[in-house]
Amino acid sequence: MASSSLIRFSPFLLFLILPLLLIISISDTFCDGLATQQRPFNNTISAIFIFGDSTVDSGNNNFIRTMSKCDFAPYGRDFDQNHTPTGRFTNGRLVTDFISWYVGIKEFVPAYLDSSLGTEELITGVSFASGGSGYDPLTPKINGVIPMEQQLQYFREYKARIAGAIGEENTKLLISKAAFLISAGTNDLVVNYYGTPFRRQNFTISQYQHFLLQLTHDFIQELIKEGAQLIGIVGLPPIGCLPIVITTFSGRPFSGRQCLDTYSAVAREYNQMLQDSLQTMKNECKRIVYADIYKPIDDMVQNPTKYGFEDVHSGCCGSGYFEVSILCNLRSVICPNASKYVFWDSVHPTEATYYNLFEALRPTIDIVIKS
Ligand SMILES: *[C@@H]1O[C@H](CO)[C@@H](O)[C@H](O)[C@H]1NC(C)=O
Ligand SMILES: *[C@@H]1O[C@H](CO)[C@@H](O)[C@H](O)[C@H]1NC(C)=O
Ligand SMILES: *[C@@H]1O[C@H](CO)[C@@H](O)[C@H](O)[C@H]1NC(C)=O
């Protein structure tokens with residue numbers, strides 16, 4: 001009989017195995033789990049904690065009052081079968097999701113403000129990032145989003161919650177073996193410095209770069225104080241290639257669109273200053289890593305066919321020139337295949353771009369994790 005092989009696997013076995021698996025996985029996670037689970041990298045990283053802006057916000061802005069939101073279609077169109085708009089500012093996953101998956105922690109890094117997260121989900125890491133935020137405290141004020149200082153405050157609150165669940169010592173161990181990632185700065189320049197008159201009254205661009213650098217430095221110091229030992233700092237992208245920057249500042253948004261190198265040069269300069277500054281900080285924190293996204297994105301824009309891209313100067317959503325957040329909605333015409341675009345909306349990369357970024361960062365990740 002064909003069905004006999006099915007019958008041999010008794011459903012009762014499942015009832016026996018399931019609780020056993022649960023017990024194993026729970027004891028694993030809560031007691032000595034930080035070192036035992038089988039993972040590609042020998043489980044050297046316990047958790048991942050993320051701070052910054054929309055490039056790494058997995059949905060915190062869903063829970064605050066702001067215009068800087070995207071928890072609606074067509075955002076998330078390629079996230080899963082249900083096209084879930086998770087609050088990620090893209091059509092699918094973020095680079096941090098790919099990294100978290102790659103190092104064997106989990107498939108998605110959830111948003112801290114999601115109150116449905118259980119202890120086990122919290123324990124392997126969350127994102128505190130908020131779309132529209134920046135190092136300059138004025139930037140999140142303009143956008144009505146969560147300042148970096150408040151993100152840090154949430155991390156302190158997180159630590160207290162976790163300590164309540166697994167104890168002080170285990171929490172310390174968890175933090176000491178965790179990876180921290182910070183991605184911010186684009187909004188400070190594009191939205192704040194160039195988009196409003198406030199900072200330009202008081203800072204030359206060079207002064208503002210130094211101002212941001214100091215704030216970045218201070219933020220890293222705060223993380224180290226909280227116990228962080230492995231910290232990745234993401235540099236700036238070629239900001240002159242953001243579709244919204246081309247539209248706003250080129251003077252000819254509708255024809256012959258191309259990257260504005262004046263703006264990208266500011267990002268390049270800042271990235272160099274940042275790398276120099278991180279070099280001096282290595283004395284204070286051995287494992288502090290600069291993550292370059294400028295060169296990979298620049299390469300995608302310069303050599304689109306290498307990556308299967310067909311449009312590099314406008315977003316997939318709507319005209320691609322200005323639509324972002326609430327302006328990118330179901331009334332917008334959405335390109336059929338976002339993987340042919342570097343940008344999903346006028347500001348944010350597509351999942352395809354984030355995946356290519358992950359591939360570009362992989363050698364760095366390998367070195368860091370194996371060291
Ligand atoms: C993982 O760690 C164990 C014990 O330290 C070691 O024997 C093993 O070779 C490591 N595996 C990998 C893949 O590095
Ligand atoms: C600019 O600097 C002046 C003088 O220091 C200060 O009064 C003003 O508030 C500053 N403006 C902004 C937007 O920071
Ligand atoms: C979407 O575009 C990518 C990149 O050009 C390509 O590899 C993929 O096959 C396309 N998907 C469909 C369904 O056409």
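Everything numeric in this text was worked out from a predicted model, so none of it was measured. Order of listing sets the numbers, starting from 1, for every ligand and every atom in it.
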N/O separation below 3.5 Å, Gly308 to ligand 3: yes
Subset of ligand 3 atoms that lie under 4.0 Å from at least one heavy atom of Asn337: 1 (C), 2 (O), 3 (C), 8 (C), 10 (C), 11 (N), 12 (C), 14 (O)
Atom indices of ligand 3 within 4.0 angstrom of Lys340 heavy atoms, with elements: 2 (O), 5 (O)
Donor + acceptor pair across side chains of Tyr154, Ser130 (<3.5 Å): no
Heavy atom of protein closer than 4.0 angstrom to atom 11 (N) of ligand 3: yes
Asp188 vs Thr139, side-chain hydrogen bond (donor to acceptor under 3.5 Å, both in side chains): CA-CA, chis, key distance, verdict: CA-CA 6 Å; Asp188 296 313; Thr139 307; 2.5 Å; yes
Salt-bridge contact Lys141-Glu149 (side-chain N to carboxylate O under 4.0 Å): no
Glu121/Lys106 ion pair, N-O < 4.0 Å: yes
